[in-house]
Novice: 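The structure follows.
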Amino acid sequence: MINGKRIVDEFLHLVCIDSESLNEKEIADYLAKKLKELGLDVWVDNGGGKFKGNAGNVMGRLKGNVKGEPLLFIAHMDTVKPGNGVKPIIENGVIKSDGNTILGSDDKSGIVVILEILRILKKDNIPHPEIEILFTFAEEIGLYGAKTVDTNRLHSKCGFALDSEEIENIIIKAPFQNSIKIDIYGIESHAGVVPEKGISAIEVAAEAINNMKLGRIDSETTANVGIIEGGKAANIVAGHVKLICEARSHNVDKLEKQTKHMIDAVNNVVRNSEININKKKLIAKSNETVIREFDGISVDKDEFPAILAYKAIEKTGLKPRFEQSGGGSDANILNGKGIKTVILGTGMSNVHTKEEFIKVKNLIKTAEIVGNIIRLSYE
Ligand SMILES: [Zn+2]
């Protein structure tokens, strides 16, 4: 039986453990110990070390006692800032912070639900297929845990990330994202004495950006120039400008097309920037770095994790909704690594703000949903 008091007590304990991104050691140790106590084979990596963090991913596997597909449940251990010294308050069935920090229900609500379900499986001797758990580090600052985790050690081909708000929602689509860094090199010269001997990187950038399609490109695709930096002084024709841009799309071909369009926009202006000094042709230069920040999520409504989540939410007495997300989360990375993963809500609200809160009844409902997922997976 799901025990509401036990969930709340453990949740309060978890949110009081400081675990801002890259400082997850205390909570990682705690969770590894818990998983062992609950009968799981546990292993941890030291993925955080590569990013000057003090912890890695925590993984566990509970042997199945019925036939069925292995199921992976995922939550992240880190929180955003200010996340140290959380003092949780419960009022009328709502848990919040004292207003000086975030609460950390993102994503400790996911963790607490997973622990509760594991406890019930063991205590009540409930039949279940093989269950795998992945608690990641540094999700909030770049999905580092999911990116570095060795998924070859996992058996599951289907996963559920407990890391969203509305408990009726099943996120089955999320965009692919490229970050695009473009350096534009002009030619510096004195702006008051010999401006004709310079090529302004700022002017090149301005014209290029002006030629870019940005914002909402179509129903699946967006693009943005988020940072522009450059120039040294009002009297110097600018020699360097850096543009930090991104493009997102649910369709990988459209993403690549948009990315190319933005780079081409710069190259076209660069090509026409030629000046002649002492019969020597000079031209601006540019170079770009494109990084695939994360792959998208594209789970069909009739694929196993989507069907399972839908039925489980329905069985809990709620009306399930398939949704798409505009952002990136661990689930994006896991899908990219071949584990079909959907994102479920836990009731966390106003996340990443000091007004973050969660209703106790939603924590309990989420545990019911996860319990139903496990039961329905082999029935
Ligand atoms: Zn989260």
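As the structure lists them, so they are numbered: ligands from 1, and atoms in each ligand from 1.
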Novice: Sequence neighbours excluded, which residues qualify as side chain to side chain contact (heavy atoms under 4.5 Å, CB included) partners of I180?
Specialist: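 Partners of I180 under the side chain to side chain contact (heavy atoms under 4.5 Å, CB included) test: N178, I182, C245, A247, T259, M262, I263, V290.
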
Novice: Is the backbone N or O of G317 less than 3.5 Å from a side-chain atom of K365, with the two atoms forming a donor-acceptor pair by type?
Specialist: no

Novice: Give every residue pair that meets the side-chain hydrogen bond (donor to acceptor under 3.5 Å, both in side chains) criterion with at least one member in residues 63-75, sequence neighbours excluded.
Specialist: none

Novice: How about H13 and Y30: are their ring centroids closer than 6.0 Å?
Specialist: yes

Novice: Give every donor-acceptor pair under 3.5 Å between a side-chain atom in residues 192-207 and any protein atom, sequence neighbours left out.
Specialist:
residue : atom : partner : partner atom : Å
S200    : OG   : I202    : N            : 3.2
S200    : OG   : E203    : N            : 3.0

Novice: Inside 2.8 Å of the Zn ion (ligand 1) but strictly below it, how many protein N/O/S atoms are present?
Specialist: 3

Novice: Keeping D218 on the side-chain end and T221 on the backbone end, is there a donor-acceptor pair under 3.5 Å?
Specialist: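 Yes.
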
